[in-house]
Amino acid sequence: MFESHHARYASYSTVAVLPGDMIDAVWEIIDDDLQGVFPLENLLTFRLHNNQGQTTFEYVQTDNEDASLGAAFDTNFAYSGNLPKTVLAYDDGDSQIIILPSETAGH
């Protein structure tokens, strides 16, 4: 899952609320910090937090028995209340996309 040589996209809704550099940062976190450290499922959850005016991406494994399993990644991106609270990364085996929770079938 989430191999960097697969096609990667972001949904229109995601592009409308998350700057391109922040979308790229999600892919970098997956490639550089999560691969080989966490067992990655086909759906990854990232929560965005305000950390003293900067954005922190918190990776959380919601399907894991230990709901506290995850990691936080501080960035230099300014935090804005207009940013989504959560973004998801989905891998169908051929391509990968970053979407908002409202775009999933469960919402």
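Although no hydrogens or angles enter the test, the distance criterion places no donor-acceptor pair under 3.5 Å between the side chain of Q61 and the main chain of E41. Between the side chain of E58 and the backbone N or O of T45 there is no donor-acceptor pair closer than 3.5 Å. Using modelled atom types, one side-chain atom of T75 and one backbone atom of T55 make a donor-acceptor pair closer than 3.5 Å. Using modelled atom types, no side-chain atom of T56 and backbone atom of A72 make a donor-acceptor pair closer than 3.5 Å. In this structure, Q54 contributes its side chain and N51 its backbone to no donor-acceptor pair below 3.5 Å.
T104 approaches P101 most closely through the heavy-atom pair OG1-O, 2.8 Å. Closest of all the heavy-atom pairs between W27 and I97 is CH2-N, 3.9 Å. Closest non-hydrogen pair, N50 versus Q52, comes out as OD1-N, 3.6 Å.
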Fill in: Verdict with reasoning, I29 to F57, per side chain to side chain contact (heavy atoms under 4.5 Å, CB included)
CA-CA 9 Å; I29 289 169; F57 287 89; 3.8 Å; yes

Discussion item. Show, in sequence, the C-alpha distance, side-chain angles and deciding distance for Y9 and Q96, and conclude whether the side chain to side chain contact (heavy atoms under 4.5 Å, CB included) test is met.
Written reply: CA-CA 6 Å; Y9 306 96; Q96 302 157 24; over 6 Å; no

Worksheet item: Checking side chain to side chain contact (heavy atoms under 4.5 Å, CB included) for the pair D33/E28: CA distance, chi angles, key distance, verdict?
Response: CA-CA 8 Å; D33 300 308; E28 289 173 14; over 6 Å; no

Fill in: salt bridge (charged side-chain N to carboxylate O under 4.0 Å, His left out) assessment of D31 paired with R8
CA-CA 12 Å; D31 293 341; R8 289 182 164 171; 2.8 Å; yes

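Residues F73 and V37 share a single hydrophobic cluster, defined by chaining ILVMFWY side chains whose heavy atoms lie under 4.5 Å apart.
In this structure, CD1 on I23 lies 5.0 Å from CG on L18, to the nearest 0.5 angstrom. Here the straight-line distance linking atom OG of S11 with atom CG of L100 works out to 5.0 Å at 0.5 Å rounding.
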Ignoring hydrogens and angles, write down the donor-acceptor pairs under 3.5 Å from the side chains of residues 82-94, residues two or more places apart or on other chains.
from	atom 1	to	atom 2	distance (Å)
D91	OD1	G93	N	2.6
D91	OD2	F2	N	2.5
D92	OD1	D94	N	2.8
D92	OD1	S95	N	2.8

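Partners of F38 under the ring pair (Phe, Tyr, Trp, His ring centres under 6.0 Å) rule, at least two apart in sequence or in another chain, are Y59.
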